[in-house]
Amino acid sequence: MATGLLTSAAAEQIVTTCRTAIGDSLRSVTYFTRDDFEQVYLREDLERDADLSTFIGHEWRGFKTAQTAYEGTELGDYNYTIRVFDNGFLIRVTSESDGVFVTTDGLTVKDFEEVATAVNSFLENRESSRE
């Protein structure tokens with residue numbers, strides 16, 4: 001599972017960030033770039049059977065498509081995506097070079113905003129440390 005994309009400290013930081021914002025409703029946390037991914041958290045009661053490489057491909061292309069489609073509209077800048085499924089939710093937060101998708105059980109809109117803000121801060125800190 002670990003690919004070395006994140007240090008142990010960074011992986012722990014993003015998991016702690018999501019656990020703090022979401023609590024026991026957190027299902028999984030996956031960090032990704034254009035070329036690779038690392039699932040840094042999976043709740044114990046869940047199977048490790050998701051096709052994450054397909055998810056990552058879709059989430060990365062989906063981000064670029066959404067970002068381009070809504071550029072310059074009255075809606076403002078793109079912030080994050082929430083996907084709703086029968087058994088949970090997926091929230092995707094992406095920067096220009098990397099992203100995180102988090103799966104959860106039920107949350108409120110306020111909870112989604114809180115986790116999106118926290119994950120975005122994590123990605124911005126990673127971006128500034130690379131400069």
Side-chain angles (χ1 to χ4, degrees):
M1 178 168 73
T3 62
L5 289 175
L6 294 172
T7 64
S8 294
E12 186 175 318
Q13 179 186 2
I14 191 61
V15 171
T16 300
T17 297
C18 292
R19 290 270 311 155
T20 300
I22 298 171
D24 292 339
S25 291
L26 181 64
R27 295 170 66 95
S28 69
V29 179
T30 302
Y31 172 81
F32 63 95
T33 65
R34 290 179 176 102
D35 304 317
D36 211 348
F37 66 90
E38 183 172 352
Q39 187 174 56
V40 295
Y41 175 80
L42 180 66
R43 198 169 65 198
E44 289 180 13
D45 64 321
L46 300 173
E47 297 293 322
R48 201 173 290 282
D49 61 352
D51 181 2
L52 293 178
S53 61
T54 299
F55 284 13
I56 298 305
H58 179 75
E59 292 305 324
W60 192 258
R61 280 188 308 275
F63 164 71
K64 289 300 179 188
T65 301
Q67 185 182 43
T68 302
Y70 299 107
E71 274 181 355
T73 69
E74 292 177 2
L75 292 172
D77 292 336
Y78 172 85
N79 291 305
Y80 60 93
T81 296
I82 301 171
R83 299 191 191 288
V84 179
F85 299 92
D86 287 342
N87 297 321
F89 300 86
L90 181 145
I91 181 168
R92 176 191 68 215
V93 182
T94 312
S95 73
E96 287 297 319
S97 60
D98 55 0
V100 174
F101 74 78
V102 177
T103 60
T104 74
D105 294 328
L107 293 178
T108 66
V109 172
K110 182 178 181 252
D111 293 332
F112 283 120
E113 180 67 30
E114 196 172 308
V115 74
T117 300
V119 169
N120 192 50
S121 178
F122 169 83
L123 293 174
E124 286 175 355
N125 288 338
R126 284 192 54 76
E127 191 72 31
S128 65
S129 71
R130 285 190 283 248
E131 295 175 354

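- In terms of heavy atoms, Val119 sits closest to Cys18 at CG2-SG, 3.9 Å.
- Checking side-chain atoms of Ser25 against main-chain N and O of Thr104 turns up no donor-acceptor pair under 3.5 Å.
- Scanning all heavy atoms of the two residues, the minimum distance from Ala21 to Glu114 falls at CA-OE2, 3.8 Å.
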What verdict does the side-chain hydrogen bond (donor to acceptor under 3.5 Å, both in side chains) test give for Asn120 and Thr117, after you've listed the backbone C-alpha separation in whole Å, the side-chain angles of each residue and the deciding distance to 0.1 Å? CA-CA 5 Å; Asn120 192 50; Thr117 300; over 6 Å; no
Between Glu113 and Tyr80, does a side-chain contact (heavy atoms from CB on, under 4.5 Å) hold up when you go through it step by step? CA-CA 9 Å; Glu113 180 67 30; Tyr80 60 93; 2.9 Å; yes
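- When atom types are taken as modelled, the side chain of Thr20 and the backbone of Thr16 share a donor-acceptor pair closer than 3.5 angstrom.
- The aromatic rings of Phe101 and Phe32 sit tilted relative to each other, their planes meeting at an angle between 30° and 60°.
- Of all heavy-atom pairs between Tyr41 and Arg19, the closest is OH-NH1, 3.8 Å.
- Shown here for Ile91 and Phe112, the closest heavy-atom pair between the two residues is CD1-O, 3.5 Å.
- Taking both residues in full, the closest heavy atoms of Val40 and Ala11 are given as CG1-CB, 3.8 Å, listed atom of the first, atom of the second, then distance.
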Evaluate Arg92 against Leu90 for side-chain contact (heavy atoms from CB on, under 4.5 Å), listing each step before the verdict. CA-CA 7 Å; Arg92 176 191 68 215; Leu90 181 145; 4.2 Å; yes
Verify side-chain contact (heavy atoms from CB on, under 4.5 Å) between Arg43 and Asp105, making sure each step is shown before the conclusion. CA-CA 11 Å; Arg43 198 169 65 198; Asp105 294 328; 2.8 Å; yes
